[in-house]
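Here the structure is laid out as structure tokens; the discussion comes afterwards.
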Amino acid sequence: MPLILETIVTTTSPAGDLHLVPFGLIREGEEWVLAPFRPSPTILNLEANPVFAASSPSDVRVIAGAVTGRRDWATLPCDRIPGRRLAESFGHAEFEVISVEDDATRPRYRARMVHSASHMPFFGYNRAQAAVLEAAILSTRLHMLEPDKILTEMRYHAIAISKTAGPAEREAWDWIEDKVAAALGRDEPVLARAPPSTLEGAFPRRQG
């Protein structure tokens, strides 16, 4: 199986509108593959402007936000390509598409990295952040899985949240919990909400 890095991919439309979305970036030798499912704004943007940036977010709420309708995150201009990249990131890379394997369901955009940069130190892995990532991916597959399967996985990921989450990770988890609960018609969360006093003022709020 290939190495897949979970990143935040940004592309731009012909009008200059930014599209920000979590994507698994597939490594194949010295090249990288982006394989979005149709229909997708990413596909339309790459057809018009075949470049993209991939960022490693330092705030896991960016990933949770992107899958729950919260996409208003700060970006900065890219260094080598016409586009923008996530501002709050450990690092980012910029890519040019060199070939396209067309497909009616999931085309593959093969790209070469033209630039990469680090922006802040990475001090260590966190289980709660990994749990948010897995729950975010799960939340994009609610139409494909049985409710019991979804709840079993959410309960497992909730263990890491309860033991190792900081305020940002906890808020990200709650966003995903709300999405899953709405899809399943549930009122009771898998993990009881943290008291508001433990969240307020702990980090800057985002729009959306």
Side-chain angles (χ1 to χ4, degrees), residues 1-10 20-27 34-37 40 42 54-73 86 88-92 106 120-208:
M1 296 294 290
L3 174 70
I4 300 177
L5 300 181
E6 301 299 335
T7 66
I8 292 293
V9 166
T10 43
L20 180 152
V21 65
F23 254 120
L25 198 59
I26 307 166
R27 183 167 189 173
L34 200 61
F37 285 97
S40 168
T42 297
S55 303
S56 53
S58 57
D59 186 338
V60 76
R61 288 175 298 172
V62 179
I63 294 173
V67 300
T68 58
R70 300 168 173 88
R71 297 184 183 231
D72 185 18
W73 302 95
L86 186 68
E88 295 182 22
S89 64
F90 293 113
H92 87 284
R106 194 180 189 187
M120 62 178 68
F122 176 77
F123 292 116
Y125 296 99
N126 173 256
R127 291 176 58 203
Q129 292 170 359
V132 169
L133 172 61
E134 292 295 338
I137 295 171
L138 181 67
S139 77
T140 67
R141 300 173 179 172
L142 300 178
H143 62 293
M144 302 166 56
L145 302 173
E146 293 296 325
D148 286 348
K149 170 69 171 175
I150 295 167
L151 290 174
T152 296
E153 293 204 19
M154 288 292 289
R155 291 183 182 114
Y156 177 74
H157 298 316
I159 296 171
I161 299 296
S162 66
K163 291 182 176 181
T164 66
E169 291 75 28
R170 186 54 202 264
E171 184 175 41
W173 173 264
D174 288 344
W175 291 347
I176 297 171
E177 277 253 52
D178 288 344
K179 178 180 178 179
V180 172
L184 301 184
R186 288 172 53 88
D187 295 325
E188 183 180 353
V190 170
L191 187 63
R193 299 254 176 190
S197 61
T198 67
L199 299 178
E200 290 180 1
F203 41 74
R205 305 293 298 185
R206 297 294 183 188
Q207 295 296 319

Quick check: closest heavy atoms across [X] and [Y], and the distance to 0.1 Å?
{"X": "P22", "Y": "A66", "value": "CD-CB, 3.4 Å"}
{"X": "P36", "Y": "F23", "value": "CB-CZ, 3.3 Å"}
{"X": "R170", "Y": "A165", "value": "N-CB, 4.1 Å"}
{"X": "V62", "Y": "P57", "value": "CB-CB, 4.2 Å"}
{"X": "L138", "Y": "I150", "value": "CD2-O, 3.8 Å"}
{"X": "L86", "Y": "S89", "value": "O-OG, 3.4 Å"}

Contact check, side chains of [X] and [Y], non-hydrogen atoms, under 4.5 Å:
{"X": "I8", "Y": "L20", "value": "yes"}
{"X": "D178", "Y": "T68", "value": "no"}
{"X": "L191", "Y": "E177", "value": "yes"}
{"X": "I63", "Y": "E6", "value": "no"}

Residues in ring pair (Phe, Tyr, Trp, His ring centres under 6.0 Å) with F90, at least two apart?
F122

Return the set of residues passing side-chain contact (heavy atoms from CB on, under 4.5 Å) with [X] (not counting sequence neighbours), or none when no residue passes.
{"X": "A135", "result": "M154, W173, I176"}
{"X": "T152", "result": "none"}
{"X": "L5", "result": "L3, T7, W32"}
{"X": "E134", "result": "H157"}

Supply the atom-to-atom distance I26 CD1 to I4 CD1, rounded to the nearest 0.5 angstrom.
5.0 Å

Under the salt bridge (Lys or Arg N to Asp or Glu O under 4.0 Å) definition, can you give me all pairs with a residue in residues 139-153, not counting sequence neighbours?
K149-E153

Atom pairs and distances, donor-acceptor, side-chain atoms in residues 123-133, under 3.5 Å, two or more places apart:
| unit_1 | atom_1 | unit_2 | atom_2 | d |
| --- | --- | --- | --- | --- |
| N126 | OD1 | A128 | N | 3.1 |
| N126 | OD1 | Q129 | N | 2.8 |
| N126 | ND2 | T164 | O | 3.1 |
| Q129 | NE2 | E169 | OE2 | 3.0 |

